[in-house]
2 protein chains.
Amino acid sequence: MDADAEASEETGHGEGRDPAAPRRRTGGRSARVRAQVLAAVGELLVAGGYDGLTVDAVAERAGVHRTTVYRRWRDVGGLLADVLDAASDDTWRPPDTGSLEGDLTALNQEVYEALAGGPGLTAALIAAGFRSSEAAGALSRFWEDRHARCAVVTDRAVERGELPAASDARALLVAATAPVYHELLLLRAAPDPELPRRAAAGAAAAGRAGVYAPLTGPFPSA
Amino acid sequence: MDADAEASEETGHGEGRDPAAPRRRTGGRSARVRAQVLAAVGELLVAGGYDGLTVDAVAERAGVHRTTVYRRWRDVGGLLADVLDAASDDTWRPPDTGSLEGDLTALNQEVYEALAGGPGLTAALIAAGFRSSEAAGALSRFWEDRHARCAVVTDRAVERGELPAASDARALLVAATAPVYHELLLLRAAPDPELPRRAAAGAAAAGRAGVYAPLTGPFPSA
DNA sequence: TCCTTATTGCGACTGATGTTGCGTTAAGAT
DNA sequence: ATCTTAACGCAACATCAGTCGCAATAAGGA
């Protein structure tokens with residue numbers, strides 16, 4: 001990761017700067033190149049999936065030389081990692097349907113639609129995570145962010161009395177969504193429109209049964 | 001797939017054979033080459049993961065020429081598909097611990113141990129499924145076989161009264177195992193020794209609640 | 001044993017991928 | 001305006017993946 005990572009300090013110190021720290025030039029041309037390249041990545045990805053995404057194709061479509069892309073992003077994984085980081089500052093919120101099972105079903109529906117229709121962006125990013133450690137890291141950050149935002153789903157369910165207190169939001173969310181990813185991505189099963197609802201219902205039932213509450217008794221010790 | 005697939009007929013017909021069907025030579029040298037190559041694939045895979053598995057490396061380690069590997073297996077995906085098919089005729093049986101949750105936990109434990117320790121064989125095969133359609137097909141066959149063998153877990157649970165009748169064995173199995181794959185393979189979370197048991201408990205609780213029984217009432221019609 | 005030919009070995013070739021050295025452009029500070 | 005040098009463009013180079021034509025080997029049947 002040598003793109004971005006601009007330190008916010010060492011701007012006006014003048015004298016006491018580290019001689020081994022070159023000042024980045026992030027304005028003007030560099031910013032324009034970056035924007036062109038990231039746009040080209042997105043366009044090529046929706047056009048031809050992961051397999052159509054080569055460094056050469058990106059450079060050509062961005063109107064930039066191959067070497068520039070190699071030096072700044074190293075490989076396709078680095079490109080996707082940058083795209084993912086740049087697109088993660090969106091305003092996504094989990095759905096609020098009024099019930100735990102409804103929220104989880106709606107979440108699964110989003111996952112289902114992102115994965116069911118052919119070679120989509122999501123599948124390409126996940127596939128990239130198996131090739132590039134940079135893309136894998138960006139994916140982990142992306143998912144961590146999504147899980148943090150989804151914690152409110154569990155909180156609301158606890159308030160409604162649908163779940164025992166102190167239920168593990170992450171485990172519940174994984175239980176609900178993992179079957180959808182597993183069926184469509186790993187097992188490559190034929191898309192079943194009932195899958196989102198059924199996986200959500202399973203996770204919700206397990207949650208109601210207290211599987212994701214670490215302690216079922218009233219004594220938190222031991 | 002042009003390796004194996006030896007037709008069992010047209011052995012002694014003599015006169016009426018198809019002129020466009022060349023007789024395969026599966027004995028002696030060809031069999032030895034195949035064994036050497038598949039062994040080399042396994043050794044390289046446990047040594048360096050998927051990224052260390054190139055056709056050239058396989059050929060060199062097997063003491064075989066590159067062209068031979070390209071002609072018989074086409075690419076790395078074809079190699080892995082053949083390895084997977086050759087290794088699938090084992091005598092694997094699902095565990096029988098006496099309870100549904102115990103069986104699912106033991107299954108998840110196997111998955112966990114196959115995925116938790118570094119870049120294992122399983123992860124390499126799954127990663128290959130994202131690159132080669134041949135490897136993806138072999139993986140689908142492998143998983144279908146495993147799921148069929150695991151149906152007995154659900155049957156036994158129904159007999160014991162732990163599950164309602166006509167529970168969907170596949171959906172239950174996916175609900176139990178998917179979180180393990182998802183955490184370790186996609187989310188790349190730190191291995192949690194409690195994960196197999198917890199995921200199994202969640203699926204078992206959902207199963208007990210009747211989520212995987214299509215009809216809860218006693219009337220199977222409509 | 002001999003004959004046919006499937007299969008393998010060999011080397012040359014093409015194209016894609018990734019690297020390096022060097023000259024040019026322009027960002028940012030003075 | 002001027003200077004320093006980070007970032008870019010360019011071309012040559014190196015490496016790897018994959019294919020093709022041809023000769024050598026050996027499997028399987030007569």
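As the structure is a computational prediction, the values presented were derived from the model and not from experiment. Order of the sequence lines sets the chain letters (A, B, ...), proteins ahead of strands, with each chain counted from 1.
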Practice problem: Check every atom of dA17(D), dG28(D), dG18(C) against the side chain of T26(B) and return the nucleotide holding the closest atom. | Solution: dG28(D)
Quiz prompt | Residue V64(B), side-chain atoms from C-beta onward, closest of dT20(C), dA27(C), dG9(C) | solution =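 Within the option list, the nearest is dG9(C).
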Between [X] and [Y], does any side-chain N to carboxylate O distance fall below 4.0 Å?
X	Y	result
R198(B)	D192(B)	no
D82(A)	R72(A)	no
R141(B)	D145(B)	no

Practice problem: With heavy atoms under 4.0 Å as the rule, sort D56(B) into base, sugar-phosphate or nothing. | Solution: sugar-phosphate
Exercise. Using a heavy-atom cut-off of under 4.0 Å over every strand shown, decide if S30(A) touches base, sugar-phosphate, or nothing.
Key: sugar-phosphate
Taking [atom1] from [X] and [atom2] from [N], how many angstroms apart are they, rounded to a whole number?
X	N	atom1	atom2	result
R72(A)	dG9(D)	CZ	C1'	14 Å
W73(A)	dG18(C)	CH2	P	16 Å
R34(A)	dA26(C)	CZ	P	21 Å
Q36(B)	dT7(C)	CD	C1'	14 Å
H65(B)	dT25(D)	NE2	P	15 Å
R71(B)	dC22(D)	CZ	C1'	10 Å
L79(B)	dA17(D)	CG	C1'	14 Å
D75(A)	dC16(D)	CG	P	17 Å

Quiz item: Would the number of heavy atoms belonging to other residues, nucleotides or ligands and lying under 6.0 Å from CD of E144(B) be above 12?
Solution: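 Not more than 12 within 6.0 Å, no.
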Below 4.0 angstrom from OP1 or OP2 of [N], is there any side-chain N or O of [X]?
X	N	answer
T67(A)	dG9(D)	no
R32(A)	dC8(D)	no
Y70(B)	dT19(D)	no

Quiz item: For the side chain of R29(A) and the base of dT25(C), is some donor closer than 3.5 Å to an acceptor across the two?
Solution: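 Such a pair exists between side chain and base.
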Quiz prompt | Closest-nucleotide 5' rank along DNA chain D - winner of G63(A) and V76(B) | solution =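 Taking each residue's closest nucleotide, the earlier one in sequence belongs to G63(A).
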Self-check item: Pairwise 5' ranking along DNA chain C for R66(A) and A31(B), keeping only the more 5' one
Solution: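 So the residue in question is A31(B).
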Self-check item: Closest non-hydrogen atom pair, A204(A) against L104(A)
Solution: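 Taking A204(A) first and L104(A) second, the nearest heavy atoms are N-CD1, 4.3 Å.
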